[in-house]
Amino acid sequence: MSALRHGWLTGLVIGVLWLFVLAVAVAVAVAFGAGAAIRPAIPFIVVLGAVTGLACVALRLAPPVLWAGVTVVFAALGAAELAPIVGTDATTPVLLAVTNGVLGLAFGWSMTRILGTMSTGALTRHVFEAAVIRFLTGTGYIVFTAIVAIPFYVMVMTSLKNQQQLVQNPLDFSLDLSKGWGLFSSYVELFGQFNFGSYLWTSFYVSCLTVAITLLFSVPGAYAVARLRFAGRTAFSRSILLIYMVPMIVLALPIYIVFSMTGLRNTIFGIVIIYPVTTIPVALYMLQGYFRGLPAEVEEAGLMDGLTRLKVIWKITLPLSLPALASVSLYVFMIAWNEFLLAFMLLDDPSKFTLTRGVAMLNSSEIPRQHLMAGAVIATVPIMVLFLGLEKFMTKGLTAGSVKG
Amino acid sequence: MTSATPPTGRGPLARREARLAWGLLLPTILSVSLVVILPLLSIFWISFKPIGLADLRPPAPVVRESLRGRPEAAGDEGEVQYRLRNSSQDKPILGVTLSDTLPEGLTVTGDIDPRCTLDDRALFCDFGDLEGGQRETIEIPVIAEAAYFDSGADVERTVPEITGRADNILTNSEFTLDNFARIFRGDEFFTVLWATIFYTVFGTVGALLVGLFAAMLLNKEFKGQGILRGLYLFPYVAPVIAVAFTWVTLFDPFSGSANALLVQMGVVNSPINFFGQRPLALIMVTVFEIWRYFPLSFLFILARMQSIDHDMYEAADMDGASPFQQFWYLSMPQLLGILSVLFLLRFIWTFNKFDDIFLLTGGNAGTRTLTVNVYEQAFAVSNIGAGAAVAVVIFCVLLVFSIFFLKYVSREEGL
């Protein structure tokens, strides 16, 4: 292992691997962005990565000189189709030169960052591992951002295309801005013909009612579990945990049977009474954890001053736990908004669909893909806006509600 | 005077507190037992029943009433007709009776059916038992009088009342073990079990490792850290239906961007049917599970990492520990607790997962896990009993898990 820890070898290997990561990333980005027919070329990546890596540790050039050098060399080679990114057919040399130039600049800059002041000789374990970690970190940022962002990018862009464009080149996500509002024709159709406005409203008020009912039930329950002493308290808080380990599909079957027999199937009322029950255990669990963390002395002071327990909850505990209530509400809202299984099983009548059920309806061979993606965007945007706007609460809620997934 | 002794047992204050606690918990207990405990018990009951989807609507007698012969003026003759049928094609209905009130102004002229009696205008017929699919017709000859037309000439104004006991499959005493025999039969069960184990184990471990890596990336202060953290949570926050359909679109063999990209990059020669062939489909749904749930483990591990005291790392630095040594000997032992809890929780939840696989493949191409099998048996094959039997199997597995769960997690969570 220590034989491997030499500057020239480390520079060479990291140079090759890092150029590979960057070249693939740039090629994918350009392909998805402009639909250009380009691909990374492994032989050139190996050669150029090795040369640049060695140059970094051996020549000890001033960083700006190295950056400029790599950029110019990459761009020149790009035009001659001898660079890390080459065209597959009839790609213009200008595009290739620019793409490779950008790649070269990013590569040169990041290599000086990754390798630091490394020299060709033997390295200490510390220097070696630090370089490896910087390489892995860079790779991690690129890979994670790509795998998270690409599906959402594809979702949004597909919804703005039409059938013909999609079949012609599935990679081309560039927008034809000259169409103006015509880009949004899928959305117009969904709101116009498919009634998505009403689904949006149904989802919204069902989620709000779920939050309200859940809080109404879980706040007193959580307080009792957290503060009051009674026989069976431990057993109770354990059984809460157990209850939300029961999978929904197991419960959905008998619920479906009962709802079919009592005529609650296909009613919003049925949905509104069933959603909170799935969220009450989670909310109770989250809230009791928070209530336990509140100082009991404040409540005892309230009791001494003549408040009843219920008044203590109302006037002391609840105002103190507003942040927790916000987190729980957001989390429950998210569960209700995203809920699919029950809506899918219990709702058949298109006039009563929730948003997720409406999107499920779009998944048929007769309805074009861009409509399905537009539906997905409509379902995603509100919850994302809420999430980004209130990220602090949301993150807290997710952490506390951990166990549910 | 008695000597002062400390009170034993529970005093009135303690009893009042306990009463209040139960009062506060009552709504939750009621609703949860109604929607969780009761269905669980009924699942056991149903799993021993030979019941299909069609049996959910119990057989019932259906009647149609009409006035034939079209009397148009006073004195015209006509017939009041009741047509009766059993809504079920194969199940009998016992003790079917019909009672109705004839409208004013219709006078019965001839003999009526021997099964019926007429008292003034109140008609009562007893049909005995109706076989499956059996139809009966009763015709009563009448003369319409002026009063009939005065009152609106509507024979259907009074709705005939009809009674009958159908044997309800859900409540009778017919039991069977066929459901269990059916789901355990042959290779199918082992295919399902294998898919479940593969999906659960690799989905859980994968999400945990990827989450750990993501947490290490973000466990430092830099510009844009907040943005990246928000971005990395997207897969978990977005509705499953939206992201699942996006994956299906992305990996479509004909018009999917992923295939187009792979072909263009020269990785594959012809498009791959990612969600349609074994064993790739199972791997893909597992990858989806990892993709969708790594944010959760990432969030937890990051929270734990940020609470580790930084002095320790500085001391290790001074002693010459390399970064990997620091991670392995300092961070890992601190993270082991949260990792084991996450593993257990995620294991159970991945085992329970239904929506994701159902939306991605519908359980085809070797991706049918136990939970998807519940749906498949109950709704695709229309055999509710078999679906319930699978649910019972799931529940029993979960019971075993919950023993581990209570033993380890409750200790960590301080319950």
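Note that this is a predicted model, so its numbers are computed, not measured. The figures here come from the full heavy-atom set of this structure, side chains too, leaving out hydrogens, waters and symmetry mates. Order of the sequence lines fixes the chain letters, A, B, ..., with proteins taken first and strands second; residue numbering starts at 1 for each chain.
- With chain B as partner, the option from Leu388(A), Leu251(A), Leu362(A), Val225(A) having the largest number of non-hydrogen pairs under 4.5 angstrom is Leu251(A).
- Using a 4.5 Å cut-off between heavy atoms, Ser42(B) contacts chain A through its side chain alone, with no backbone atom that close.
- Checked against ring-ring contact (aromatic ring centres under 6.0 Å, His included), Phe251(B) has the following partners two or more places apart in sequence or in another chain: Trp247(B), Phe274(B).
- In this structure, the ring-ring contact (aromatic ring centres under 6.0 Å, His included) partners of Phe340(A), at least two apart in sequence or on a different chain, are Phe344(A).
- For the pair Gly230(B) and Phe387(A), the tightest heavy-atom approach, listed with the atom from each and the gap, is O-CE2, 3.6 Å.
- Residue Ile313(A) touches chain B through its side chain alone, counting heavy-atom pairs closer than 4.5 Å.
- Neither the backbone nor the side chain of Leu386(A) comes within less than 4.5 Å of any heavy atom of chain B.
- When each of Asn363(A), Ile383(A), Val154(A) is scored by its heavy-atom pairs under 4.5 Å with chain B, the top score falls to Asn363(A).
- When the candidates Asp252(B), Thr249(B), Thr350(B), Leu250(B) are compared by the number of heavy-atom contacts under 4.5 Å with chain A, Thr249(B) comes out ahead.
- With hydrogens and angles disregarded, a donor-acceptor distance shorter than 3.5 Å links the side chain of Glu339(A) to the backbone of Ala343(A).
- Heavy-atom pairs under 4.5 Å with chain A were tallied for Leu261(B), Leu34(B), Leu231(B); the largest tally goes to Leu261(B).
- Heavy atoms closer than 4.5 Å to chain A are found in the side chain of Ile394(B), but not in its backbone.
- Per-residue counts of heavy-atom pairs under 4.5 Å with chain A were compared for Ala391(B), Pro323(B), Ala260(B); the largest is that of Pro323(B).
- Highest contact tally toward chain B, considering only Leu136(A), Ile147(A), Thr124(A), is held by Ile147(A) [criterion: heavy-atom pairs under 4.5 Å].
- Classification of Glu129(A) and Arg5(A) as a salt-bridged pair fails, no side-chain N sitting under 4.0 Å from a carboxylate O.
- Using a 4.5 Å cut-off between heavy atoms, Ala27(A) contacts chain B through both its backbone and its side chain.
- Inter-residue side-chain proximity for Val86(A) and Ile38(A) is flagged as unmet; no heavy-atom pair is nearer than 4.5 Å.
- For Arg233(A), no part sits under 4.5 Å from any heavy atom of chain B, backbone or side chain.
- When atom types are taken as modelled, the side chain of Glu17(B) and the backbone of Arg229(A) share a donor-acceptor pair closer than 3.5 angstrom.
- Between Phe222(B) and Tyr141(A), the ring centre distance stays below 6.0 Å.
- A side-chain donor from one of Gln288(A) and Arg292(A) sits under 3.5 Å from a side-chain acceptor of the other.
- Of the atoms belonging to Val132(A), it is side-chain heavy atoms, and not backbone ones, that fall under 4.5 Å from chain B.
- By number of non-hydrogen pairs under 4.5 angstrom with chain A, the leading residue of Val392(B), Val243(B), Leu359(B) is Leu359(B).
- For Phe213(B) and Phe294(B), the distance between ring centers is not under 6.0 angstrom.
- Heavy atoms closer than 4.5 Å to chain B are found in both the backbone and the side chain of Thr356(A).
- Only the side chain of Met373(A) has a heavy atom closer than 4.5 Å to any heavy atom of chain B.
- Ala379(A) touches chain B through backbone and side chain together, each having a heavy atom under 4.5 Å away.
- Of the listed residues (Trp22(B), Phe254(B), Phe351(B), Phe395(B)), the greatest number of heavy-atom pairs within a distance under 4.5 Å of chain A belongs to Trp22(B).
- With chain B as the partner, the residue from Pro247(A), Ala224(A), Ala376(A) showing the most heavy-atom pairs under 4.5 Å is Pro247(A).
- Note on ring orientation: taking the six-membered ring where Trp is involved, the planes of Tyr375(B) and Phe354(B) are tilted (angle from 30° to 60°).
- When each of Leu233(B), Leu217(B), Leu212(B) is paired with Phe298(B), the side-chain contact (heavy atoms from CB on, under 4.5 Å) condition holds for Leu233(B) and for no other.
- For the set Leu228(B), Val210(B), Leu24(B), the entry with the most heavy-atom pairs within less than 4.5 Å of chain A is Leu24(B).
- Neither the backbone nor the side chain of Ile378(A) comes within contact range of chain B; no heavy atoms are under 4.5 Å apart.
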